[in-house]
Amino acid sequence: MGHEDLRAETSALVERELGVRLERYADPAPGLVRAGSGPSVAFARAVRAAGRRLVVLLPARGAVPAPLPPPAVEPARAVTRLADEVRLLAYDPRDRDARVRADEALVRQCDRLLAVWDGSPTDGRDATAHLVAYARTHGVRVEVVWPVGAARSGGATAAAGATRVCRPRARGTAGPRQGGHTGTRG
């Protein structure tokens, strides 16, 4: 997950740092990401470079993918091309509150969240701070990724396509979780 208004040079720094962190993990858990703009492409590339499976969530209306806002189309295509598995998640990608609820559902499936976050509070457009707090209150370990030299462009609009990058919980593990979310959904 993270800010969608990263500068181009920051995306490269973030991708490198995500790769370093993914290489550290001993378990073979796949990466889980919601397709869209922001750090989703950097995360997807880092997951694949680390030799892990990539699971991508796309918005759905019923049983078909929903149209994405224009800025999210190309990043979603790039992430989907890298995916080992694509899952549909019912939400309206043009509605900020629906995206935040979708991200909360994604976070509840994870045992670790890699948050591309500069530490800034939620500003009504970017929900990264909210989702970091949400993960922590739901027992999900959070690792903040903000490499030295990283910067935002400052031009973010509503969090359209903001990505939640995390590793899905292993099947059959309970962990510190509320509401019975014990693994990836099949």
Looking at side-chain heavy atoms only, is the closest gap between H3 and S120 below 4.5 Å?
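A side-chain contact exists here, since the closest heavy-atom pair is under 4.5 Å.
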Among H130, R99, H138, whose side chain to side chain contact (heavy atoms under 4.5 Å, CB included) with E104 holds?
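The side chain to side chain contact (heavy atoms under 4.5 Å, CB included) with E104 is passed solely by H130 among H130, R99, H138.
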Exactly one of L131, L89, T128, L57 should register a side chain to side chain contact (heavy atoms under 4.5 Å, CB included) with D103. Which one does?
L131
If the condition is side chain to side chain contact (heavy atoms under 4.5 Å, CB included), which residues does A66 pass it with, not counting sequence neighbours?
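Once residues adjacent in sequence are excluded, the partners of A66 under the side chain to side chain contact (heavy atoms under 4.5 Å, CB included) criterion are P59, R61, P93.
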Linking I/L/V/M/F/W/Y whenever their side-chain heavy atoms sit closer than 4.5 Å, directly or via other members, would [X] and [Y] fall into one cluster?
X    : Y    : answer
Y25  : V33  : yes
L13  : L114 : no
V144 : V140 : yes
V142 : Y134 : yes

On a heavy-atom basis, which atom in [X] and which in [Y] lie closest, and how many Å separate them?
X    : Y   : value
R94  : P67 : NH2-CB, 3.7 Å
A42  : S11 : CB-O, 3.9 Å
L88  : P65 : CD2-CG, 3.9 Å
A127 : R96 : CB-NH2, 3.5 Å
P147 : E17 : CG-CB, 4.0 Å
V41  : P75 : CG2-O, 3.6 Å

R52 side chain to L22 main-chain N or O, any donor-acceptor pair under 3.5 Å?
yes
With a 3.5 Å distance limit and no angle check, can you tell me whether T10 reaches the backbone of A151 through a side-chain donor-acceptor pair?
yes
[X] side, atom [atom1]; [Y] side, atom [atom2] - distance, nearest 0.5 Å:
X    : Y    : atom1 : atom2 : answer
R21  : R112 : CZ    : CZ    : 10.0 Å
R45  : S40  : CZ    : OG    : 9.5 Å
R152 : L6   : CZ    : CG    : 7.5 Å

Start with the C-alpha gap between R141 and D111, add the side-chain angles, then the distance that decides, and say whether side-chain contact (heavy atoms from CB on, under 4.5 Å) holds.
CA-CA 6 Å; R141 290 175 287 173; D111 66 358; 3.8 Å; yes
Could you walk me through whether L32 and C110 pass side-chain contact (heavy atoms from CB on, under 4.5 Å), step by step?
CA-CA 8 Å; L32 176 64; C110 299; 4.1 Å; yes
Where do V145 and W117 land on the side-chain contact (heavy atoms from CB on, under 4.5 Å) test, with the steps shown first?
CA-CA 6 Å; V145 176; W117 181 44; over 6 Å; no
Residues clustered with V73, ILVMFWY side-chain links under 4.5 angstrom:
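The other cluster members (ILVMFWY side chains, heavy atoms under 4.5 Å, direct or chained) are L68.
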Go through R48 and D84 one step at a time and tell me if the side-chain contact (heavy atoms from CB on, under 4.5 Å) criterion holds.
CA-CA 9 Å; R48 298 304 299 187; D84 293 296; 2.3 Å; yes
